[in-house]
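What you see below is based on every heavy atom in this structure, not just the backbone, and it leaves out hydrogens, waters and symmetry mates. Just follow the structure's listing: the first ligand is 1, and inside any ligand the first atom is 1.
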Amino acid sequence: MALTIGLTGGIASGKSTVANMLKEWNIPVVDADRIAREAVNVGEEAYVRIVETFGKDILQKNGEIDRAKLGALIFHDEEKRNQLNAIVHPAVRKKMLEQRDEILQKNPVVVLDIPLLFESNLTHFVDKIIVVYVDDAIQLERLMKRNGFSQEEALARIHSQMPLSEKKVYADAVIDNNGTIDQTRQQLLTILSEWDVL
Ligand SMILES: CC(C)(COP(=O)(O)OP(=O)(O)OC[C@H]1O[C@@H](n2cnc3c(N)ncnc32)[C@H](O)[C@@H]1O)[C@@H](O)C(=O)NCCC(=O)NCCS
Ligand SMILES: Nc1ncnc2c1ncn2[C@@H]1O[C@H](COP(=O)(O)OP(=O)(O)OP(=O)(O)O)[C@@H](O)[C@H]1O
């Protein structure tokens with residue numbers, strides 16, 4: 001029987017790390033962040049609407065969206081963030097569901113890696129939910145390190161999402177990613193074997 005698993009968590013909590021393990025085991029993963037990046041390529045409908053809404057100041061010299069600039073804008077302003085979400089999310093949802101359906105024609109299982117699974121009310125599109133969890137301090141530390149953000153920049157991003165402690169409550173399974181990568185892999189293996197995926 002077909003199974004759609006939602007993989008979520010907070011920014012820099014370790015979703016991509018878990019998604020990479022799944023891919024190594026040949027479990028197909030649909031990556032919402034990647035689809036969102038493709039949706040705003042030059043010339044796409046969402047690109048045009050973003051330029052109309054936020055102006056040409058958020059473009060690089062070559063015409064592509066300056067993601068750092070747009071990020072600095074929307075992670076500090078909820079209204080602007082909602083405007084951007086309203087432009088990008090419908091396109092992402094459509095593409096993601098198309099990819100899910102295509103994969104399920106050939107595979108019994110698909111994983112949708114969606115950072116904003118709860119925030120965007122997408123839970124009804126998945127059968128089971130895995131939340132990748134880390135403590136606040138570790139999330140902040142890993143995000144600052146990975147992106148070279150100041151504490152203020154990192155906190156703005158973290159606070160634009162539902163708290164991880166809340167996401168944990170709605171999960172069918174929680175991976176505690178505070179420890180080593182190996183400990184995370186073990187937890188993932190246990191969950192997948194309980195769900196008869198591996
Ligand atoms: C603001 C943008 C240009 C910043 O780009 P940047 O390359 O710095 O970040 P990237 O896209 O890799 O996202 C990194 C992480 O930020 C978080 N995040 C991104 N967008 C949002 C948002 N609108 N609200 C809350 N968190 C977000 C997610 O955890 C995501 O994994 C970009 O994130 C964007 O276009 N966001 C809107 C689309 C979106 O919601 N994407 C995420 C899920 S589909
Ligand atoms: N168990 C771990 N131990 C140490 N570092 C880790 C661990 N898990 C992930 N990391 C590191 O933490 C950072 C965030 O992890 P990752 O990119 O997987 O998070 P993410 O949830 O996909 O982030 P985003 O929402 O921004 O896409 C990365 O630099 C990654 O290498």
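Contact residues for ligand 2 (protein heavy atom closer than 4.0 angstrom to any ligand atom): Gly10, Ile11, Ala12, Ser13, Gly14, Lys15, Ser16, Thr17, Asp33, Arg142, Arg146, Asn177, Gly179, Thr180, Ile181.
Less than 4.0 angstrom separates some heavy atom of Ser160 from each of these atoms of ligand 1: 25 (C), 26 (N). Each of the atoms 12 (O) of ligand 1 lies under 4.0 Å from some heavy atom of Arg37. Residue Ile11 approaches ligand 1 through these ligand atoms, each under 4.0 Å from one of its heavy atoms: 15 (C), 16 (O), 17 (C), 29 (O). Close approach of ligand 1 to Ile74 (heavy-atom distance below 4.0 Å) involves ligand atoms 1 (C). Counting atoms of ligand 1 from 1 in the listed order, those under 4.0 Å from a heavy atom of Arg81 are 23 (N), 24 (N).
Atom CD of Glu166 is surrounded by more than 12 heavy atoms from other residues, nucleotides or ligands within 6.0 Å.
The protein heavy atom nearest to atom 41 (N) of ligand 1 is Ala36 CB, 3.9 Å. Scanning the protein heavy atoms around atom 40 (O) of ligand 1, the nearest turns out to be His89 NE2, 2.6 Å. Of all protein heavy atoms, the one lying nearest to atom 17 (C) of ligand 1 is Gln161 NE2, 3.3 Å. At the shortest separation from atom 22 (C) of ligand 1 among protein heavy atoms lies Leu116 CD1, 3.7 Å. Counting only heavy atoms of the protein, atom 18 (N) of ligand 1 lies nearest to Phe75 CZ, 3.8 Å.
Contact annotation: Asn85 has at least one heavy atom less than 4.0 Å from an atom of ligand 1. For Glu119, the closest heavy-atom approach to ligand 1 does not fall below 4.0 Å.
Between Lys94 and Glu98, at least one side-chain N (NZ, or NE/NH1/NH2) sits under 4.0 Å from a carboxylate O, which counts as a salt bridge. Under 4.0 Å is where a charged nitrogen must lie from a carboxylate oxygen, and between Lys80 and Asp77 at least one such pair does.
The closest heavy-atom contact to atom 7 (O) of ligand 1, among the options Arg67, Met96, Lys69, comes from Arg67. Comparing Asn147, Leu73, Leu84, Ile87 by heavy-atom distance to atom 36 (N) of ligand 1, the nearest is Leu84.
Between Ile5 and Ile27, the closest side-chain pair of non-hydrogen atoms is not below 4.5 Å. Contact check for Asp33 versus Arg37: side-chain heavy atoms found under the 4.5 Å cut-off.
Using modelled atom types, one finds a donor on one side chain and an acceptor on the other under 3.5 Å when comparing Glu152 with His76.
Clustering ILVMFWY residues whenever any of their side-chain heavy atoms sit less than 4.5 angstrom apart, transitively, puts Met162 in a cluster other than the one holding Leu143. By the criterion of side-chain heavy atoms lying less than 4.5 angstrom apart, applied directly or through intervening Ile, Leu, Val, Met, Phe, Trp or Tyr residues, Phe54 is grouped together with Phe75 in one hydrophobic cluster. Leu117 is not connected to Ile158 by any chain of hydrophobic side-chain contacts under 4.5 Å among Ile, Leu, Val, Met, Phe, Trp and Tyr, and they are in different clusters. Linking ILVMFWY side-chain heavy atoms closer than 4.5 Å, directly or via other members, places Ile181 and Val174 in two distinct hydrophobic clusters.
Judged by the 6.0 Å distance and 45° axis criteria, Arg100 is not positioned over the aromatic ring of Phe125.
The shortest N or O to N or O distance between Arg157 and ligand 1 is not below 3.5 Å. For ligand 1, one of its N or O atoms has an N or O atom of Asp33 under 3.5 Å away.
Partners of Arg146 by salt bridge (charged side-chain N to carboxylate O under 4.0 Å, His left out), not counting sequence neighbours: none found.
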